[in-house]
Amino acid sequence: VPDTKNLLLRLDPQLAAELQAVAKVEDRPVSEIVREAIRDLVAARRKDKRFQKRLQETAREYDRLLGQLRADER
Amino acid sequence: MTVTVDDADLLLIASAALDHDADLLLDTIDVAALAHVVARAETAATPVDAAAVVLVEIAQRRPFHSGNQAAAWLAAAYVLASNDIHLRIGDAEALALVHAAGQHRIGEPEVAAVLSRHIDRWPHLLRRVGRFLFEASSAEWRPWPNGLPEPVRRRPLPRPALAERRDPPTCPVVFGPWTDGRQSFLVIVGASGVAFFPATDDSGCAVYDVVQVRDLAAGDLVGDWRRLRTGGEMVGSVAAADVRLDRDGLSLDWHVGSLVPA
């Protein structure tokens, strides 16, 4: 797996322009800013008890199957 | 409206599927591939289509460093669960489905077709009520009174062994208007409910029409319950003989397996 990847994101023009502006001002790659946005979203979602409960229940229900799928990919 | 997933959902789902820390996973994901999965799922017409999209897209685009097949399955199951849809599918068939999708042998329509075939025909809420009914069976029961003929074929109510019984959970029952000597009632589960309306089937046997009601409001329980009935989802009917209330009239015993889907 390469250390870096070329990214292609489909964004509406205004959002893309804002993203590029932020990236230019902060002198950072666009992908890093996107990753940071996802990190903030993840932090918020971690506090969502309903989401966590549903995810845990679903993961528990398919625990054996998920183990098999993980093993198949190794 | 179909409930789907965003980037953060998928990352946390993958984290659960792979048992990896989400922050570490984030450092290695293909952001563009993940964004593509989310965008495609948003355009799906139905929850099953959305589940098929996330399964196929994750299995084929491989946005995560590893474990994409496990993430694909859990993401699809999560999308379905978020839309109150549950599957009954064996591990072998699910495994074959994910493998076939990952190897580009099948696409979204085929995956959607398989998922559709395995949808649990008992809605989630009904299954919860059914569990409650079985677990509450240590109470003393009396048959529901009715003057109508009972069904010809009555099935026995299965009971868990005494040692397996847990403390009966409480699930409020609210009684409503009378119809032909029998009373409507509603079992409240969280903010939703399952309403039982007296009716007769084609052969004249006493049954209850079972209506699933979401987002209950206090005002729904006032009056003749017409709004409750028309606003809910008719899921089927159950023989009146299979519906019994405990001595206090607060708990309901209903053999969920006897429900005839609408």
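Each chain gets a letter, A, B and so on, in the order its sequence line appears, and its residues count up from 1.
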Which region of [X], side chain (C-beta onward) or backbone (N, CA, C, O), has a non-hydrogen atom less than 4.5 Å from a non-hydrogen atom of chain A, or is it both or neither?
{"X": "B:Leu11", "value": "side chain"}
{"X": "B:Ser82", "value": "both"}
{"X": "B:Leu25", "value": "neither"}
{"X": "B:Ala77", "value": "both"}

To the nearest 0.5 Å, what is the distance between CH2 (B:Trp73) and CG (A:Leu66)?
9.5 Å

I'd like to know if the side chain of A:Arg35 and the backbone of B:Leu26 have a donor-acceptor N/O pair within less than 3.5 Å.
yes

Taking B:Ser66's backbone N and O only, do any of them form a donor-acceptor pair with A:Glu73's side chain (distance below 3.5 Å, no angle check)?
no

Any salt bridge linking A:Arg46 with B:Asp23? Criterion: basic side-chain nitrogen under 4.0 Å from a carboxylate oxygen.
yes

Are A:Arg45 and B:Asp6 ion-paired here, with the side-chain N under 4.0 Å from a carboxylate O?
yes

Contact winner vs chain A - B:Val98, B:Asn68, B:Leu80, heavy-atom pairs under 4.5 Å
B:Asn68

Any non-hydrogen side-chain atom of B:Leu74 less than 4.5 Å from a side-chain atom of A:Leu55?
yes

Salt bridge (charged side-chain N to carboxylate O under 4.0 Å, His left out), that's the test. Do A:Arg39 and B:Asp27 meet it? Break it down for me.
CA-CA 10 Å; A:Arg39 202 180 300 277; B:Asp27 292 334; 3.1 Å; yes

What closest approach, in Å, do [X] and [Y] show between heavy atoms, and which atom pair accounts for it?
{"X": "B:His99", "Y": "A:Leu69", "answer": "NE2-CD2, 4.2 Å"}
{"X": "B:Ala81", "Y": "A:Thr58", "answer": "CB-OG1, 4.0 Å"}
{"X": "A:Arg70", "Y": "B:Leu18", "answer": "CD-CA, 3.9 Å"}
{"X": "A:Leu41", "Y": "B:Ala8", "answer": "CB-CB, 3.5 Å"}

Is the CG atom of A:Asp48 crowded by more than 12 outside heavy atoms at less than 6.0 Å?
yes

Quick check on A:Asp72 against chain B: is it the side chain, the backbone, both or neither that has a heavy atom closer than 4.5 Å?
side chain

Between A:Gln68, A:Gln56, A:Arg50, which residue shows the highest count of heavy-atom pairs closer than 4.5 Å to chain B?
A:Gln68

Measuring centre to centre across the rings, with the benzene-like ring taken for any Trp, is B:Tyr78 within less than 6.0 Å of A:Phe51?
yes

